[in-house]
Amino acid sequence: MNSLFRRKQYSSDLNEGQLNRVLGTWDIVFFGIAAIIGAGSFSSLGEAIFRGGPGVIVLYLICGFACAFTAICYAEFASRIPTAGSAYTYAYASFGELIAWVIGWALIMEYSFGNIYVAFSWSDYFTSFMSRIGIHIPDYLTCSYTEAKKAVLNNSTNKELLNAWSSAPTIGNLRFIVDIPALAINGIITWLCYQGIKESKNFNNFFVILKLFVILLVIAVGVGYVNTGNWFPSNHEGIPSLMPNGFSGVMTAVSGVFFAYIGFDALSVLSEETKNPQRDLPRGMMISLGICTAIYIVLTLVLTGLVDYRKFDGVGDPLAFVFQKENLNIPWMEFVVALIAIVAITTVLLVFQMGQPRIWMAMSRDGLIPKKFQEVHSKNKVPSFATIITGIVVGIPILFTDKSFILDFTSIGTIFAFVLVCGGVLMLPKKEKIKGRFHMPYINAKFIFPLFFLGGLAFFYFWQPEFFHNLLNWSDPVEGEFRLSVTVFLLINFGLVVLAFIKNLSLIPLVGLSSCLYLLTGMTHNNWFWFGVWFAIGLVIYFAYGRKHSKLNRA
């Protein structure tokens, strides 16, 4: 049993590894903006607004708050262990081998499967843009088979998906429906990642500037058309409310909102390609997260002020949508946004597609997966085999899965990884302070965390008393699942309050842990079921191969 939790000791020697150290602080910031601002703002934001109404802004604040504390925890690990591997590496040092494997398996879910959703989003914008310039791509070549079949079975009103099913050529009894643009962009990005980090950096930095330009343009143009009445639509009782679907309605948007923040943690896989990772990585992560949070808040306020939130149902291109004929009717803005969105989402694909091979490289170095995954190209200095396999792992599911499933699947895995990273920091020993490196400040949580948690609980009780009066009514068909999740969350946090008082735990990782646990309350039983299936598969692989071939096992 002890062998399952054996820990690995990592060196702080920056000369380890075979990758090129060419990235500085602002390169990290640009990679962070590239990863964070993409499909979350250009695609999943529309679904989040429809589910939560204008009150989704509260969820962006909660997610930003949780991610800020989590980013500090990532920064602390990055300053101690300047090695590729992200949360996998950090878990190996703090929790041991089995938990490290679980985290590595979760990161495959985040980076590889996350890119499937991003590839679908890129395809939506590309197809929409091509139609605007008069080039029509057949519907059965712009969506997945699963999406089209679901549309037919669920009597959807989506004309493109229904037409894809009815017009698709057949091979025997099988309809030929394939998202060609999604497959094509995955292939192009895989090729670019194979060329090297320097080439990827230059490509990324240029595209990030274009992306920031168009978002600021949307805000600048849109702010003059804002109707403040749209921020307080009528709820089912006819009362104007920031949260017309209630707070539980806002929480149903957690997957879409949190997906908007996924990406800042991917920066930690670039440790071996950063000039001074103990200094540059923490700075880059915090700066990029701060910039992106501010942009998300302002952008959400503008969009919900321009158009009634109910119009965002099924909208996959919300930034272009608000400028369409039936809304603001500004054709040139609709064209510009659609064009730059293609660029914006491309940078997200790039960062995620760079992250996964480096996770596999780290796991391969430890013997948990075959040696082939740690091969580094002699000229390009990238994990060559792992990069190709990542492209295949992203490409194949594009053929048979759909966006909504992938969105929920990716978010729950990422939040779970964040929970373990924050928990891992609580287990780290004190370190010597060295000038020029990031040091997470220690704040004793003995009294502060109990006051913080109990005070927040009291605030929410007086804000939403009806919810707490019905907290134990788990059989309610609408809110029962969320109430059960909140009950478990409260019980865990009462335990953390006790531990903080007894063990004098550090406040920052404790708040990060509590915040991320709260985000998990927005996940449904379907999310948890597929999450369990995914990890069951991972555990089978670990016990069949990883445990036996682990370098620590041989040692």
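Predicted model, so just to flag it, every value in this text is computed and none were measured.
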Looking only at heavy atoms, what is the nearest atom pair of A119 and I398, with distance? CB-CD1, 3.9 Å

Please find the pair of heavy atoms, one from C516 and one from T70, that lie closest to each other, and give the distance. SG-OG1, 3.3 Å

Using the rule given for side-chain contact (heavy atoms from CB on, under 4.5 Å), can you reason through L183 versus V178, listing the C-alpha separation, both sets of side-chain angles and the distance that settles it, and then say yes or no? CA-CA 9 Å; L183 288 172; V178 180; 3.4 Å; yes

Rounded to the nearest 0.5 angstrom, the SG-CD distance for C422 and E76 is 12.0 Å

Minimum heavy-atom distance I369-W360, with the two atoms named: CD1-O, 3.3 Å

Close side-chain approach of I57 to Y296, heavy-atom, < 4.5 Å: no

Applying side-chain contact (heavy atoms from CB on, under 4.5 Å), run through Y92 and W101 and close with a yes or a no. CA-CA 8 Å; Y92 216 153; W101 171 267; over 6 Å; no

Point-to-point distance, once rounded to the nearest 0.5 Å, from CZ of F452 to CG of L510: 9.5 Å

Counting C-beta onward and ignoring hydrogens, is there a side-chain heavy-atom pair between L328 and E334 closer than 4.5 Å? no

Beyond-backbone contact of F321 with K311, side-chain heavy atoms, under 4.5 angstrom: yes

If you round to the nearest 0.5 Å, how far is CG of L281 from OG1 of T25? 8.5 Å

Side chain proximity check, D27 to T274, heavy atoms < 4.5 angstrom: no

For T293, enumerate each residue passing the side chain to side chain donor-acceptor pair (under 3.5 Å) test, keeping only those at least two apart in sequence or located in another chain. none

Can you list the steps and then say if I330 with Y225 is a side-chain contact (heavy atoms from CB on, under 4.5 Å)? CA-CA 11 Å; I330 308 179; Y225 295 88; 3.9 Å; yes

Can you confirm whether I219 sits close enough to I215 that some side-chain heavy atom of one is under 4.5 Å from a side-chain heavy atom of the other? yes

Separation between CG (N186) and OG (S123), nearest 0.5 Å, reads 12.0 Å

Check whether any side-chain heavy atom of I415 lies under 4.5 Å from a side-chain heavy atom of L517, and answer yes or no. no

Is a donor on one side and an acceptor on the other found under 3.5 Å between the side chain of T304 and the backbone of L301? yes

Which pair of heavy atoms, one from S364 and one from F373, lies closest together, and at what distance? CB-CB, 3.7 Å

Just one of L192, T387, V118, N115 clears the side-chain contact (heavy atoms from CB on, under 4.5 Å) bar with Q353, so which one? N115

Working note: T390 + Q356, criterion side-chain hydrogen bond (donor to acceptor under 3.5 Å, both in side chains); need CA distance, chi angles, decisive distance, verdict. CA-CA 7 Å; T390 298; Q356 184 55 59; 5.4 Å; no

Closest heavy-atom pair and its distance - P383, M361: CB-SD, 4.1 Å

Show, in sequence, the C-alpha distance, side-chain angles and deciding distance for L520 and I412, and conclude whether the side-chain contact (heavy atoms from CB on, under 4.5 Å) test is met. CA-CA 7 Å; L520 286 175; I412 191 172; 4.1 Å; yes

Report the residues that fulfil side chain to side chain donor-acceptor pair (under 3.5 Å) with S506, sequence neighbours left out, ordered by chain and then residue number. none

Mind checking whether F126 and W122 have ring centres under 6.0 Å apart? yes

Minimum heavy-atom distance A66-S515, with the two atoms named: CB-CB, 3.4 Å

Quick check: are there more than 12 heavy atoms from other residues, nucleotides or ligands sitting under 6.0 Å from CZ of F213? no

Roughly how far, to the nearest 0.5 Å, is the CD1 atom of I443 from the CG atom of L507? 5.5 Å

Which distance, rounded to the nearest 0.5 Å, do you find between the CG of L303 and the CD1 of I49? 5.0 Å

Quick one: does L519's side chain get under 4.5 Å of C63's, heavy atoms only? yes

Would F535 and F416 count as a close aromatic pair, with their ring centres under 6.0 Å? yes

Would you say CH2 of W534 has more than 12 non-hydrogen atoms from neighbouring residues, nucleotides or ligands within 6.0 angstrom? yes

Report yes if some heavy atom in the side chain of C67 is under 4.5 Å from a heavy atom in the side chain of L289; otherwise report no. yes

Are S144 and D179 close enough that a side-chain donor and a side-chain acceptor fall under 3.5 Å? no

Are the aromatic ring centres of F129 and Y125 under 6.0 angstrom apart? no

